[in-house]
S.K.: 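Have a look at this one before I ask anything.
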Amino acid sequence: MYRKEKSIQLKSSSAALYNNLSVLRLPGRQLACFSTVHGPSVNVVSAAADGLGFSHRQLQAKEGGMAVSTSVLTQAAWCVLPSRVLLVLTSQKGIQMYESDGSIMVYWHALDVTEHPPGQAVFARGIAPAGGRFICVGTSSGLVLVFDIPPKGTNITVSEVLEQHRDAITDIAAELGQAPDGAGDVVTADDAGALCVWSAGEEFTLLSKIPAFGCTCSSVKLWNGVVAAGYGNGQILLYEAATGLLRAEVNAHARWIYALDLAPETGKLLSGAEDSFVHVWKLSRNPDTDDVEIEHCHAECVTDTQVCGARFCDPEGNSFAVTGYDLSEIFRYSRL
Amino acid sequence: MSARALPLLFLNLGGEMLYILDQRLRAQSIPGEKARKDEWTDVDRKRVMNDIITTMFNKKFMEELFKPQELYSKKALRTVYDRLAHASIMRLNQASMDKLYDLMTMAFKYQVLLCPRPKDILLVTFNHLDAIKDFICDSPGILNQVDETFRQLIETYSCLSAGEFQLIRQTLLLFFQDMHIRVSIFLKDKVQNSNGRFVLPISGPVPWGTEVPGLIRVFNHNGDEVKRTEFATDGNYVTPQREGSFELYGDRVLKLGTNMYSVSRPVETHMSGSSKNLASHAKENIVTNPLAKEEMNFLARLLGVLEVKTPGGSETGFRLNLFKTDEEEEYA
């Protein structure tokens, strides 16, 4: 169903971090951009759609004030807002925001180390745009920072700090489709497996909370009021965002899930895990029963690779990209 | 990232080092009665192992190690092992030390990568410690030190969540990133490819707590299961039999971290180069100054605890070329 295309070579290997691949497709332009975190730096690659011509850029984690040790990045993701696109990097020291091509840093936010108990790891992780105006970023203490992003310029401010999670944030996702009433704009996930669904605005409102059941939720997606969550035990669970009700349970992978992605035009779901597999699923809503359904479409084994990043490259889900730990390339697949 | 990865890194690498030293020293030892004055015996081997293990589990050293902190740089960690390997009268040449370190790191990288659950890194550590206790089973004093460390591991790590263990694992994988040295034992056993990358099996038992992939269940708005479907993949997974023990004593179940050198394998037995050198150069010149910035004071304090035994009096240190044949270990 999907065949392997030409890979993209990277200047440095991908690190074993959750959601370690971000793809930016600018509609109308043939260019697609990819980014993977190597460790202290991030690869940013711009590829033309015809496969010829790549430009590479490497961005470094900002050291921050007095620190002498190098910082490690935890995630890199493009945030597409109506007015602008920003490339956001999270690290052990704070949050860096760049223009979408990575050329200029427009904002730096240092993490407050004193907020964390001594001896605990300190880092930011989890990046998503929300409500057409904000960018949400999580921290290792469970806080979610909400940044107010002006249409242009560097006057970015912290609008709010959400304090519902008690464990390190793993991933944040914005509603990619049309949320039914009360179903929320953004979902946040943490290390314990707890999920929170929020309505975005001047003040964010907590709409529902899905309690943890003892398994880390490493990756989460929100589409048409359905939360798709990937867990450390290899399961994908689907919930109603508005009520928190469990609608489907998939024994999807034999190892820890590291990445989920969703194609909003078709409801295709992509999952990648440490077990070397990438699966494509199809989400749908039964119009009669209102049940959420999920079917398996395709399995891809990325031999001898622990997948750490997987993203669709187009909104229909006709192509996807994958990277893995220690890999200095991005594999690409597209539908026959 | 994680502030709790260092003890695991140190103990597991140390364990691998001991496996290798034990096997190499055995391969070169001469039965006691037949040995000349300048040749290795079993007694020498046991003494070397005892000395290194005593130093490794030094109380003060362990106290420092278990404090929450970032991982050392690669250079700084290598310095610690250089000192450790010379905690007895054995002296390794530079090439031997290099190869020893490469073997140690690739072995532990393999174990971390293949751990079914992140928490299983603890079982790997326990496997190493169980074997270390076997090495020094005749010495109750050192045995006590090892048990103390065991208890400290249990105290520090038993309460960590799966998410925190995964962070530890990710921190360790960051340390091992881009290391693809080919190890002949791994190549022979087909666990490593000729490009230096490890083989990741897609069959076997799933981790404890994970279901075999395949089942999809759909629920209605009342929470009742209304549909059940299956999907198939190339993977061939089965349910695991039982979970390994995280107690002081117990069956770890997991094989990762056990001594892969103890199975009888063809080992070179050249005697040349293994003689005790009477005019030994006691100082190893490995350390220029890899310690930098804030690691300096901390590590200097730490290394101060690891006293290098310089041969004195009638005893002479003896040099060892651990890896006789050149084609033994290759570099990718």
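Order of the sequence lines fixes the chain letters, A, B, ..., with proteins taken first and strands second; residue numbering starts at 1 for each chain.
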S.K.: Considering only heavy atoms, which portion of B:V218 lies under 4.5 Å from any heavy atom of chain A: side chain, backbone, both, or neither?
M.R.: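 Contact with chain A is through both the backbone and side chain of B:V218.
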S.K.: Less than 4.5 Å to any heavy atom of chain B: does that hold for the side chain of A:Q92, its backbone, both, or neither?
M.R.: side chain
S.K.: Between A:Q235, A:Q120, A:R255, which shows the greatest number of heavy-atom pairs under 4.5 Å with chain B?
M.R.: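 Result: the option with the highest number of such pairs is A:R255.
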S.K.: Side chains of B:Q170 and A:Y258 only: does a donor on one sit below 3.5 Å from an acceptor on the other?
M.R.: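 Yes, a side-chain donor-acceptor pair sits under 3.5 Å.
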S.K.: Checking heavy atoms, do the side chain of A:H279, its backbone, both or neither come under 4.5 Å from chain B?
M.R.: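 Contact with chain B is through the side chain of A:H279 alone.
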S.K.: With a cut-off of 6.0 Å (strictly less than), are more than 12 heavy atoms of other residues, nucleotides or ligands near CZ of A:R166?
M.R.: no
S.K.: Identify which part of A:D291 has an atom lying under 4.5 Å from any heavy atom of chain B, answering side chain, backbone, both or neither.
M.R.: side chain
S.K.: Could A:E274 and B:R169 be called an ion pair, given the rule that one side-chain N must be under 4.0 Å from one carboxylate O?
M.R.: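 So A:E274 pairs with B:R169 through a salt bridge.
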S.K.: Roughly how far apart are B:R117 CZ and A:N233 CG, rounded to 0.5 Å?
M.R.: 12.0 Å
S.K.: Less than 4.5 Å to any heavy atom of chain B: does that hold for the side chain of A:A299, its backbone, both, or neither?
M.R.: side chain
S.K.: So what's closer than 4.5 Å to chain B heavy atoms on A:L245: side chain, backbone, both or neither?
M.R.: side chain
S.K.: With respect to chain A, which residue among B:P207, B:G214, B:G235 yields the maximal number of heavy-atom pairs within a distance under 4.5 Å?
M.R.: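 Max contact count across the listed options: B:P207.
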S.K.: Atom CD1 of A:I294 and atom CD1 of B:I216: how far apart are they, to the nearest 0.5 Å?
M.R.: 6.0 Å
S.K.: What part of A:T243 is in contact with chain B, defined as an atom under 4.5 angstrom from a non-hydrogen atom: side chain, backbone, both or neither?
M.R.: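 Neither the backbone nor the side chain of A:T243 comes within 4.5 Å of chain B.
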S.K.: Name the orientation class of the two ring planes belonging to B:F231 and A:H296 (parallel below 30°, tilted from 30 to 60°, perpendicular beyond 60°).
M.R.: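 If you compare the ring of B:F231 with that of A:H296, the planes turn out parallel.
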S.K.: Which atoms of B:L113 are under 4.5 Å from chain A, going by heavy atoms: the side chain, the backbone, both sets, or neither?
M.R.: both
S.K.: Could you report the tightest heavy-atom contact between A:G39 and B:L174, atom names first, then the distance?
M.R.: CA-CD1, 4.0 Å
S.K.: Chain B heavy atoms under 4.5 Å from A:S13: which part of the residue, side chain, backbone, both or neither?
M.R.: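 It is both, since atoms from each part get that close.
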S.K.: Which answer fits A:S140, side chain, backbone, both or neither, if we ask what part of it has an atom under 4.5 Å from a heavy atom of chain B?
M.R.: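 For A:S140, neither part sits under 4.5 Å from chain B.
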S.K.: Side chain, backbone, both or neither: which part of A:Y231 has a non-hydrogen atom closer than 4.5 Å to chain B?
M.R.: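 Answer is neither: A:Y231 stays 4.5 Å or more from chain B.
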S.K.: Heavy atoms only, distances under 4.5 angstrom: which of B:R217, B:H221, B:E230, B:Q177 has the most pairs with chain A? Name it, please.
M.R.: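 Greatest number of close heavy-atom pairs with chain A: B:Q177.
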S.K.: Which heavy atom in B:P213 sits nearest to a heavy atom in A:A252, and how many Å separate them?
M.R.: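 Heavy atoms of B:P213 and A:A252 come nearest at CB-O, 3.7 Å.
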